[in-house]
Colleague: 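Dropping a structure here in structure tokens format, bear with me for questions.
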Amino acid sequence: MTPWLAAPALACLFLTVFGKVPAPRNVRLNSVNFRHVLQWDSPVYHGGNLTYTAKYMRSSCIDRSADDSSLELRCRLPQGSTADSENRSNVHCIDGFEDTCQKTFLTKCMFSGLHYGLFCLSVKSNFNNNTSDWESIHFNPLTDTIIGPPSDLVVKSRTGFLDLSFECPVYEPEQRCLSQIYGSWMYIVRYWKKDTSSQVNNVTTEQSFVTLSNLEPWTIYCLQVQASAPEFEKTGELTRVVCEKTSDDGKLPLWILILAFLVAAVVVLSLAICGFFLYLYSQRITKYIFFPTCSFPQHLKEFLSQPVYDIPFPPVNSNKEADELCIAVTVLSEECESKRLNEGSADTGARTAERDQAAHEPFLS
């Protein structure tokens, strides 16, 4: 065996014999909307399959040896760590570690319910009764967690406006809006004309509903929304880009107003003319029915109003008596006669006489 291969082989043999277990590598925390997941990479170990144990401690770990102007937050390592006593003497912590994941084969562990304060997270490797050193990190959930984008973003176009509605990011295990955890909370709406993303406008609001006004009509606007915790100077992730076209600005052009006025004037005038002619026609019909021009002669009205006791016509004994008794009589009122004299002509009068004679021939025969 060559010398450069002998050293690694002896090291592996030493670790196997003396039970030295390597610690997890690349320990990191992935926290989104207070969903904390501690992750790490498995170390190289040929002795068998490793398991892992993860714990956390709520603490106020401050290195007293650091300058007051820049206090360094540090985690006190649990028992069995390789931290030197000199550094540990300058770190003051409270509370103890609490188990979260015990001898799991997974390379991650979820920590829930950690909202306020400083926390120390630690993980170690296990193989049989042998363990590795602890690998620890510290974090502050309020400042280190990632605020996700608002959900269910909906954009609707209205006359001259764009209406936006969305939902607050939530802490899923408890279905709590993050605004209830942070206290101070607002939303930032970014919008711009399509294809002109260099000119971005911002609108801040505390509500999950906002209306964008003063927009150009018939223009496509794109927008995004993100949450923000001003007290912690922390902004969240942006939503997906949503684009919507505006309709009009709610103001009618002058030519439309003039056209509408002219149409209304024509309609009103037409209705007035139709109403006037309808009134004249109804008045004429009423006068014709209730007040006729040709009236019945007054002496005939009186004659007809008297009761009739005798037979209107005596019995006919002979043709001679019939000729003597039947006389052709034409009754005309004074008004009708004057009209006929004024409007009629000679031919018209002749035809009238013939028609009257023909009408009375049965009585003469």
Colleague: Determine whether a donor-acceptor pair (N or O, by modelled atom type, separation under 3.5 Å) exists between the side chain of Y171 and the backbone of G113.
Modeller: yes
Colleague: Quick one: CG on L278 to CD1 on I273, what's the gap to the nearest 0.5 Å?
Modeller: 13.5 Å
Colleague: Less than 4.5 Å apart, side chain to side chain, heavy atoms only: is that true for S228 and T235?
Modeller: yes
Colleague: Report the residue from V170, I181, L178 that forms a side chain to side chain contact (heavy atoms under 4.5 Å, CB included) with N33.
Modeller: L178
Colleague: Please determine whether residues F161 and V225 belong to a single hydrophobic cluster, defined as Ile, Leu, Val, Met, Phe, Trp and Tyr linked transitively by side-chain heavy-atom distances below 4.5 Å.
Modeller: no
Colleague: Before giving the answer on side-chain contact (heavy atoms from CB on, under 4.5 Å), spell out for N201 and Q199 the whole-Å C-alpha distance, their side-chain angles and the decisive distance to 0.1 Å.
Modeller: CA-CA 7 Å; N201 301 304; Q199 301 177 356; over 6 Å; no
Colleague: Would V200 and N202 count as a side-chain contact (heavy atoms from CB on, under 4.5 Å) if you check the C-alpha gap in whole Å, the side-chain angles of each, and the deciding distance to 0.1 Å?
Modeller: CA-CA 7 Å; V200 179; N202 293 332; 4.0 Å; yes
Colleague: Would you say Q224's side chain and T239's backbone share a donor-acceptor pair under 3.5 angstrom?
Modeller: yes
Colleague: Do you know the tightest heavy-atom contact between F127 and L50?
Modeller: CB-CD2, 3.7 Å
Colleague: Could you go through W134 and V27, starting from their C-alpha distance and side-chain angles, then the distance that decides it, and tell me whether this counts as side-chain contact (heavy atoms from CB on, under 4.5 Å)?
Modeller: CA-CA 10 Å; W134 291 93; V27 180; over 6 Å; no
Colleague: What I'd like to find out is whether the side chain of S132 reaches to under 4.5 Å of the side chain of P22, using heavy atoms alone.
Modeller: no
Colleague: Nearest 0.5 angstrom please: T107 OG1 to N26 CG, how far?
Modeller: 10.5 Å
Colleague: Do V21 and F105 sit in the same hydrophobic cluster, where Ile, Leu, Val, Met, Phe, Trp and Tyr count as joined when their side-chain heavy atoms come under 4.5 Å apart?
Modeller: no
Colleague: Just how far is it from atom OH of Y182 to atom NE2 of H115, taken to the nearest 0.5 Å?
Modeller: 10.5 Å
Colleague: Is there a chain of hydrophobic side chains (I, L, V, M, F, W, Y, each step under 4.5 Å between heavy atoms) that links V242 to V210?
Modeller: yes
Colleague: Crowded around K234 NZ? As in, over 12 foreign heavy atoms under 6.0 Å?
Modeller: yes
Colleague: Look at atom CD of Q102 and say whether more than 12 heavy atoms of other residues, nucleotides or ligands are closer to it than 6.0 Å.
Modeller: yes
Colleague: Measure the shortest side-chain to side-chain distance between F111 and F119 over non-hydrogen atoms and say whether it is less than 4.5 angstrom.
Modeller: no
Colleague: Where do P150 and E237 come nearest, in terms of heavy atoms and distance?
Modeller: CD-O, 4.2 Å
Colleague: Hey, does M57 have a side-chain heavy atom less than 4.5 Å from the side chain of L118?
Modeller: no
Colleague: Write down the atom of Y116, the atom of Q180, and the distance for their closest heavy-atom approach.
Modeller: OH-O, 4.2 Å
Colleague: Output yes when a side-chain donor or acceptor of T145 lies under 3.5 Å from a complementary backbone atom of F34, and no otherwise.
Modeller: yes
Colleague: Just by modelled atom types, is the K156 backbone N or O under 3.5 Å from a matching donor or acceptor in the R158 side chain?
Modeller: no
Colleague: For the pair K194 and Y221, evaluate side-chain contact (heavy atoms from CB on, under 4.5 Å) and give the outcome as yes or no after the intermediate values.
Modeller: CA-CA 5 Å; K194 191 175 182 180; Y221 284 87; over 6 Å; no
Colleague: Over all heavy atoms of both residues, which pair between P169 and W185 is shortest? Give the atoms and the distance, please.
Modeller: CD-CZ2, 4.0 Å
Colleague: To the nearest 0.5 Å, how far apart are CG in L114 and OG in S31?
Modeller: 9.0 Å
Colleague: Sequence neighbours excluded, which residues qualify as ring pair (Phe, Tyr, Trp, His ring centres under 6.0 Å) partners of F209?
Modeller: none
Colleague: Taking the side chain as every heavy atom from C-beta outward, state whether N30 and V32 have any atom pair closer than 4.5 Å.
Modeller: yes
Colleague: Can you check whether Y191 reaches L164 side chain to side chain, under 4.5 Å on heavy atoms?
Modeller: no
Colleague: Nearest 0.5 Å, what's the OH-CZ distance between Y279 and R284?
Modeller: 15.0 Å
Colleague: Got a donor-acceptor contact below 3.5 angstrom from the N140 side chain to the L142 backbone?
Modeller: yes
Colleague: Determine whether L153 and V203 fall in the same hydrophobic cluster, where Ile, Leu, Val, Met, Phe, Trp and Tyr are linked whenever their side-chain heavy atoms lie under 4.5 Å apart.
Modeller: yes
Colleague: Mind listing the closest non-hydrogen atom pair of S157 and T246 along with its distance?
Modeller: OG-CA, 3.6 Å
Colleague: Could you grab the distance from atom CZ of R35 to atom CD1 of I146, nearest 0.5 Å is fine?
Modeller: 12.5 Å
Colleague: Does R176 have more than 12 heavy atoms from other residues, nucleotides or ligands lying within 6.0 Å of its CZ?
Modeller: yes
Colleague: Answer yes if L223 and L215 sit in the same cluster of Ile, Leu, Val, Met, Phe, Trp and Tyr residues linked by side chain heavy atoms under 4.5 Å apart, and no otherwise.
Modeller: yes
Colleague: Is it the case that the side chain of Q226 and the backbone of G236 share a donor-acceptor pair, with hydrogens and angles ignored and the cut-off at 3.5 Å?
Modeller: yes
Colleague: Report yes if the side chains of L38 and Y56 come closer than 4.5 Å at any heavy-atom pair, otherwise no.
Modeller: no
Colleague: Given N126, which partner from the list T53, T104, T131 fulfils the side chain to side chain donor-acceptor pair (under 3.5 Å) test?
Modeller: T53
Colleague: Does any pair with a residue in residues 159-202 pass disulfide bond (SG atoms under 2.5 Å apart), and if so which ones, sequence neighbours excluded?
Modeller: C168-C177
Colleague: Less than 4.5 Å apart, any side-chain heavy atom of W218 and any of S247?
Modeller: yes
Colleague: Taking E167's backbone N and O only, do any of them form a donor-acceptor pair with S208's side chain (distance below 3.5 Å, no angle check)?
Modeller: no
Colleague: Is a side-chain N or O of E233 found less than 3.5 angstrom from the main chain of P230, in a donor-acceptor match?
Modeller: no
Colleague: So, for M110 and V37, which heavy atoms are closest and what is the spacing to 0.1 Å?
Modeller: CE-CG2, 4.1 Å
